[in-house]
Amino acid sequence: MSRSEPDDTQEHRILGRALRQLRDKAGLKQEELAERAGIGVTYVSQLENGHRGARWHTLRRLLRALGSDLHQLADAIAEAERLDAAAKR
């Protein structure tokens with residue numbers, strides 16, 4: 001892996017920040033999101049904290065539960081990446 005490639009930990013952290021941003025925008029608590037998506041609240045917490053990644057089918061369930069789409073997720077990821085890069089400066 002080259003230095004310019006992000007590792008899984010960074011990818012998980014970025015995805016987690018993006019999901020939390022979408023959840024906050026939707027006005028949901030982690031428990032509400034977990035229930036709507038049919039997943040455990042511990043898993044939602046681990047995702048948002050960057051401790052785990054998510055499979056495609058889980059992301060789709062989360063996005064449906066959030067009332068969001070892939071475009072909104074991509075925008076949230078881009079914002080999380082900008083914040084992450086700014087924090088490293």
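- By the neighbour-count criterion of 12 heavy atoms within 6.0 Å, atom CD of Glu35 is sparsely surrounded, having that number or fewer from other residues, nucleotides or ligands.
- Contact check for Arg17 versus Asp84: side-chain heavy atoms found under the 4.5 Å cut-off.
- For the pair Arg55 and Tyr43, the tightest heavy-atom approach, listed with the atom from each and the gap, is N-OH, 4.4 Å.
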(request) Test Asp69 against Gln72 for side-chain contact (heavy atoms from CB on, under 4.5 Å), laying out the working first. (result) CA-CA 5 Å; Asp69 60 29; Gln72 291 166 314; 3.4 Å; yes

(request) Show the numbers, then the answer: is there a salt bridge (Lys or Arg N to Asp or Glu O under 4.0 Å) between Arg82 and Glu79? (result) CA-CA 5 Å; Arg82 280 192 292 277; Glu79 178 64 18; 2.9 Å; yes

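- Asp24 is listed as a side-chain neighbour of Arg20, based on a closest heavy-atom distance under 4.5 Å.
- Atom CD of residue Gln21 and atom CZ of residue Arg23 lie 11.5 Å apart, to the nearest 0.5 angstrom.
- The heavy-atom pair separating Leu15 from Leu73 by the smallest distance is CD1-CD1, 4.2 Å.
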(message) Is there a side-chain contact (heavy atoms from CB on, under 4.5 Å) between Leu33 and Leu62? Walk through the geometry before answering.
(response) CA-CA 7 Å; Leu33 175 57; Leu62 287 165; 3.9 Å; yes

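- The two residues Ala37 and Ala65 have their closest heavy-atom pair at N-CB, 3.8 Å.
- Screening Asn49, Thr42, Val44 for a side chain to side chain contact (heavy atoms under 4.5 Å, CB included) involving Gln46 leaves a single residue, Thr42.
- Between atom CG of residue Leu19 and atom OG1 of residue Thr58 there is a gap of 10.5 Å, rounded to the nearest 0.5 Å.
- Counting heavy atoms from C-beta outward, Glu48 and Gln30 have side chains that approach closer than 4.5 Å.
- How far NE2 of His57 is from CD1 of Ile39: 9.5 Å, rounded to the nearest 0.5 Å.
- The minimum heavy-atom distance linking Ala80 with Ala18 is given by the pair CB-N, 4.3 Å.
- Summarising the geometry, atom CZ belonging to Arg13 is positioned 15.0 Å from atom CG belonging to Leu47; distances are rounded to the nearest 0.5 Å.
- We find the CG-CG distance between Leu22 and Leu66 to be 6.0 Å, quoted to the nearest 0.5 Å.
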